[in-house]
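Okay, structure first, notes after.
Proteins come first, then strands; the chains are lettered A, B, ... in the order of their sequence lines, and each starts at number 1.
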Amino acid sequence: MSGATFDDMRDLYQEVILDHGRNPRHAKRLDDFDSTAKGDNPMCGDRVQVWLKFTPAGAIAATGFEARGCAISVASADLMAETVQGRDPADTRALFAAFRDMARTGTCPACDAALTEPMERLAPLSGVHEYPSRVKCATLPWHALIAALDGTKETSSE
Amino acid sequence: MSGATFDDMRDLYQEVILDHGRNPRHAKRLDDFDSTAKGDNPMCGDRVQVWLKFTPAGAIAATGFEARGCAISVASADLMAETVQGRDPADTRALFAAFRDMARTGTCPACDAALTEPMERLAPLSGVHEYPSRVKCATLPWHALIAALDGTKETSSE
Amino acid sequence: MNALSPPTFDVARIRRDFPILSQTIRGKPFVFLDSGASAQKPTAVIDAMRNAMETQYANVHRGLHWMSERTTEAYEAARDAIATLMNASDRHEIVITGSVTGSFNLMAHSFGRGVLKPGQAVLISAMEHHSNIVPWQMLRDERGIELRVAPITDAGELDMDAFEALLADGKVGLVSITHMSNVLGTVTPAARIVDLAHRYGAKVLFDGAQAIVHRKVDVQALGCDFYAWTGHKLYGPTGIGVLWGRRELLEQMPPFMGGGDMISSVSFEKSTWAQVPHKFEAGTPAILEGIGLKAAIDYVQAIGYDAIAAHEASLVDHALARLSAIPGLTVIGRAQDRGGVVSFTLDKAHSHDVATLLDRQGIAVRAGHHCAEPLMRRLGLDSTARATFGMYTTREEIDVLADTLLRVREFFSK
Amino acid sequence: MNALSPPTFDVARIRRDFPILSQTIRGKPFVFLDSGASAQKPTAVIDAMRNAMETQYANVHRGLHWMSERTTEAYEAARDAIATLMNASDRHEIVITGSVTGSFNLMAHSFGRGVLKPGQAVLISAMEHHSNIVPWQMLRDERGIELRVAPITDAGELDMDAFEALLADGKVGLVSITHMSNVLGTVTPAARIVDLAHRYGAKVLFDGAQAIVHRKVDVQALGCDFYAWTGHKLYGPTGIGVLWGRRELLEQMPPFMGGGDMISSVSFEKSTWAQVPHKFEAGTPAILEGIGLKAAIDYVQAIGYDAIAAHEASLVDHALARLSAIPGLTVIGRAQDRGGVVSFTLDKAHSHDVATLLDRQGIAVRAGHHCAEPLMRRLGLDSTARATFGMYTTREEIDVLADTLLRVREFFSK
Ligand SMILES: Cc1ncc(COP(=O)(O)O)c(C=O)c1O
Ligand SMILES: Cc1ncc(COP(=O)(O)O)c(C=O)c1O
């Protein structure tokens, strides 16, 4: 078993993921928030809660989260929090749709110019499409985020 | 398809079986009886009832039956009624055990001299062993007979 | 060979896909006319199951590793194939069970005990298979839900006036009725049944165990609420059955069996259920059977229901013509709309003797009550002999059956 | 290769009987350490099922023709093989179900609703699989039968004092408990459990899903009342499970599912049930699965439980030694008596990440709650990674696992 074998893993566990997984920047409960929702993946035990603060215009001013789960889900939550900053709900939903496509297929057929920049930030997670059972780890925080936008309190990705 | 093909069937449907199946001699309810029992094969719908009259010494004086079923079960009931005539219960049980062996295997390992004569009468039914699902057709009347000897009212061969 | 079958339907080619058909039985070519009890399996099914066990197998759903993921995909592809086969609008409406009997028991427990209320009634017909009778009897005896039985006509068709009358008081919560009788071959008028039932507020569950083998089942076109069938009669493996139900109804129903895979979370105090259909699928599912059933469905779809139905219709016509010409033979069931099932009795011979004599000539038919005792009683019979046809059945096999039956009758008439 | 295994145990030869093991996964040799979820199938099983479908198949029990009779014999031979395997005194004590989950649900319905009385209790343990929890919860919530949970020690063994205390009031009618934990590997002290339970008037049902894979199960020696297991973990097909029960108890129990084959006679007013075990076997059974399971049992018996148990014991010793030496790795469960299951956590990596990294190297382990959420909670964990061994597992595979885990830890420690 040569050291090289672990380079194979970099398709999924890129440096940025390991880093955000280990040291998430947004992994905190917001004391001052407008909406919050929980997400639960009962199949694997991953759990996440997301808090949102909106600007007066209704865009996302701040995102905080608490996650119990694997490196993929924590990194995904953290990259998500970073990327949705300043976006309005419609944009955020479009971004989620694009992200979900990427997580499932490795590509983003619907990505237009507006999505190029944010999707580049999320691109390190694209490797997850090779591991279908891990796709939900990456999308779970997004489900919670959308639930918070919708005003739904709980969501589950089974 | 030549006429010869039906000679194959003679292994099971010997002339004596066709004859007893068509014109059973003992197919009647006894008006004067000491014991009766019903037998039921729910899997195929065969039904038989047996009536017994005993001698003062306890041997079988007369047997009558009513059967709803196939040629094998009717012929078996009729041959049984003929063969058990005059036998005491212990003999009859021994005969049943030997008959059941023959119906299942085609041979009668336990047949001693005392059983030679009655088993020869029942031998036309030995072909049934080649058709396992039909074995119960042949043994059902015997189950009813033994139940009548035992004083049990109903029996079922499943 | 068969003028009525479409030219593309080549029964000789199909037979080559079923290795078992080239056997000899008791020294005679195997004439298998018992597909209604269980159908034979094409090489495609045999290979799919073998191939899974040889190259791609692990437990499904919870595995994070490659083998588990691939096996999950292969197994879940069965659900998609079933949904497409039945034209379900949503793959989550496909519940995989152990057999159609399992589907009926699920319905009796989950819909019967969870949705129906005491005082309501379940309406079945006089020509049901035991698996669509006994679960409802058990429900009746346990929960005080009435069991009503719609009569049939002497031709073996559902008596539609009586059927409507039994619905009239609005107490019937569920009509559970065969889509095709396994004894009479009768195809029931599904659209009218659904229409009447819905008019009086009842849901409709069809027993499609026989029907789906012989014709295209489109649950959206039928308009019914539930539809159940079993894999082994559709050229698939044993150990797998199907229940399709409308999603909103499935969601109202409590689970039937408890265990792994059907839960969302478990604590000793309280457990919560997974979403449909998993709520109804406790434990390790029939993985290999799902893979086999998918192959069977693909095979049936490749041949096409139109071709299969036309071929079988021509077989039935031929069988009815040939058998009716046999003196002393009575065909049981004379419905207008019928599938590839022909039951009959012979005046001089009990049906068990008939079956054994046929078997001696290599011809497999079934004899007995066909798990439909109440129907037998209605017909005044203890048993019938029954020949049932599959897509691989030939006109020549029916000729062999008819010729042999003539001789059987002769044999018993002497 | 393995000094502790008996010399007759040739793992290389055994591996040749399992074609799937020679696959490569993501370009690496396949190291399958997930047999506890479902085992791979030997050629003997694959061939038995294929052979049945190619040469000898029809529906069973009611057919009067040759194919049906031969298939019935082949299927019923599975019941004999199961009876012999478990040393049951009577083949009628073997009930064939769809899975061990099916067996538990049968017990919860039939024994739980038919024999237990409200006010009585069922006693399980803190280390049960969901399939031995949820059916009892459903029974509790529906019928007011109490559910008691015997705690485990920190080593992962049953707390026998607490177990006895929970029996003491005599209300427990059934102890339903694992014979071997699928998470901790713990083998429970069956003889003492039976002894105590019987002393306080409770019957005992063992969940043998894991145990019977690893050691000889003799129900007469164990003295228990019921024993349940599942075919796919014993190298057999999916879609089939087993419930053994004492005949006099099975006879007291009402049927669970209704349908064909489980009846003695049916009328709309009243049906009567077949004798055991058929009373519990509604509908067309898992025919092909029975034939496959029989082949699996024959295969296991030919290798011999002594040899299998010795081989697996040496694998467990080796695994515990190698894994314990990995810094930051915690083995979960330290029972004295244990089988071929090793769960663990790594300090720097979540078990899902561990499983994915191992998978990338061709190593299949399971990660999650293993359908034992309450046990996870007891252990203060969300999930573990779990390596499980079959008769085909090698010492070298465990070395590959340990070496790779060292690298995984390194990878996540940077
Ligand atoms: C101890 C134990 N009990 C029960 C089960 C459930 O088995 P199945 O899913 O085959 O019903 C399993 C395996 O998943 C198990 O390991
Ligand atoms: C109409 C009908 N319903 C139900 C069944 C029961 O099917 P299974 O035994 O596969 O559960 C059958 C076949 O036996 C059938 O023909």
Side-chain angles (χ1 to χ4, degrees), chain C residues 19-20 23 25-26 34 37-38 40-41 46 49-50 53-55 57-59 62-67 98-99 101 105 130-131 133-135 137-138 149 232 237-240 257-260 263 265-268 271 282-284 286-289 352 355-356 359 364 366-368 371 373-374, chain D residues 19-20 23 25-26 34 37-38 40-41 46 49-50 53-55 57-59 62-67 98-99 101 105 130-131 133-135 137-138 149 232 237-240 257-260 263 265-268 271 282-284 286-289 352 355-356 359 364 366-368 371 373-374:
Chain C
I20 200 170
Q23 301 284 301
I25 304 297
R26 304 194 191 275
D34 194 23
S38 196
Q40 299 299 343
K41 320 305 172 201
I46 302 169
M49 295 178 77
R50 181 177 55 67
M53 292 190 266
E54 284 183 1
T55 67
Y57 177 79
N59 210 333
R62 283 164 314 229
L64 301 177
H65 56 80
W66 191 90
M67 272 291 175
S99 63
T101 300
N105 281 276
H130 290 166
S131 79
I133 300 174
V134 183
Q137 285 186 316
M138 293 165 80
V149 184
H232 66 95
T238 47
I240 188 162
M257 300 216 227
I263 55 98
S265 74
V266 174
S267 73
F268 289 125
S271 297
T284 300
I287 302 169
L288 296 167
E289 293 72 18
H352 295 162
T356 297
D359 178 43
R366 193 143 285 236
C371 290
E373 277 190 65
Chain D
I20 201 171
Q23 302 285 302
I25 304 296
R26 302 193 192 277
D34 194 22
S38 196
Q40 298 300 343
K41 319 305 171 201
I46 302 169
M49 294 178 76
R50 181 178 53 67
M53 290 189 268
E54 284 183 2
T55 68
Y57 176 78
N59 210 333
R62 282 165 313 231
L64 302 177
H65 56 78
W66 191 91
M67 272 294 175
S99 65
T101 300
N105 282 277
H130 291 167
S131 78
I133 301 174
V134 182
Q137 287 187 316
M138 293 165 79
V149 184
H232 66 94
T238 46
I240 188 163
M257 299 217 228
I263 54 95
S265 74
V266 174
S267 72
F268 289 126
S271 297
T284 299
I287 301 169
L288 296 166
E289 294 70 20
H352 294 161
T356 297
D359 178 45
R366 194 144 285 238
C371 290
E373 275 189 67

Quiz item: Of the listed residues (D/I46, D/V266, D/T101, D/V149), which shares the most heavy-atom pairs with chain C below a 4.5 Å separation?
Solution: D/V266

Quiz item: Which value, rounded to the nearest 0.5 Å, describes the distance between D/E373 atom CD and D/I133 atom CD1?
Solution: 9.0 Å

Quiz item: In terms of heavy-atom pairs under 4.5 Å with chain C, which of D/E289, D/Q23, D/R50 leads?
Solution: D/E289

Self-check item: Distance, nearest 0.5 Å, that separates CG of C/N59 from SG of D/C371
Solution: 8.5 Å

Practice problem: Quick one: list whatever passes salt bridge (charged side-chain N to carboxylate O under 4.0 Å, His left out) with D/D359, sequence neighbours left out. | Solution: D/R26

Quiz prompt | Under 4.5 Å from any heavy atom of chain D - which part of C/M257 | solution = both

Practice problem: Go through the steps to decide whether D/H232 and D/K41 satisfy the test side chain to side chain contact (heavy atoms under 4.5 Å, CB included), and finish with yes or no. | Solution: CA-CA 8 Å; D/H232 66 94; D/K41 319 305 171 201; 3.9 Å; yes

Practice problem: Heavy-atom distances under 4.5 Å only: say whether C/M53 touches chain D with side chain, backbone, both or neither. | Solution: both

Practice problem: Check each atom of C/A282 against the heavy atoms of chain D and say whether the ones under 4.5 Å are side chain, backbone, both or neither. | Solution: both

Quiz item: Say you draw a straight line from NE2 of D/H352 to CZ of D/R366; how long is it, rounded to the nearest 0.5 Å?
Solution: 10.5 Å

Self-check item: Contacting moiety of D/A37, where chain C heavy atoms sit under 4.5 Å
Solution: both

Practice problem: Give the member of C/G283, C/G259, C/A355, C/A286 that has the highest number of heavy-atom pairs under 4.5 Å with chain D. | Solution: C/G259

Quiz prompt | Spacing of D/I20 atom CD1 and C/M67 atom CE [to the nearest 0.5 Å] | solution = 4.0 Å

Quiz item: chain D heavy atoms under 4.5 Å from C/I287: which part of the residue, side chain, backbone, both or neither?
Solution: both

Practice problem: Go through C/S271, C/A58, C/P237, C/S99 and name the one with the most non-hydrogen pairs under 4.5 angstrom from chain D. | Solution: C/S271

Practice problem: For residues C/G260 and D/H130, report the shortest heavy-atom separation together with the two atoms involved. | Solution: N-CB, 4.0 Å

Quiz prompt | chain C contact via D/I25 - which portion, at a heavy-atom distance below 4.5 Å | solution = side chain

Practice problem: Check side-chain hydrogen bond (donor to acceptor under 3.5 Å, both in side chains) between C/S267 and all other residues, then give those that pass, not counting sequence neighbours. | Solution: C/E269

Quiz item: For C/Q137, is it the side chain, the backbone, both, or neither that has a heavy atom closer than 4.5 Å to a heavy atom of chain D?
Solution: side chain

Quiz item: Relative to chain C, which segment of D/L64 carries a heavy atom at a distance below 4.5 Å: side chain, backbone, both, or neither?
Solution: both

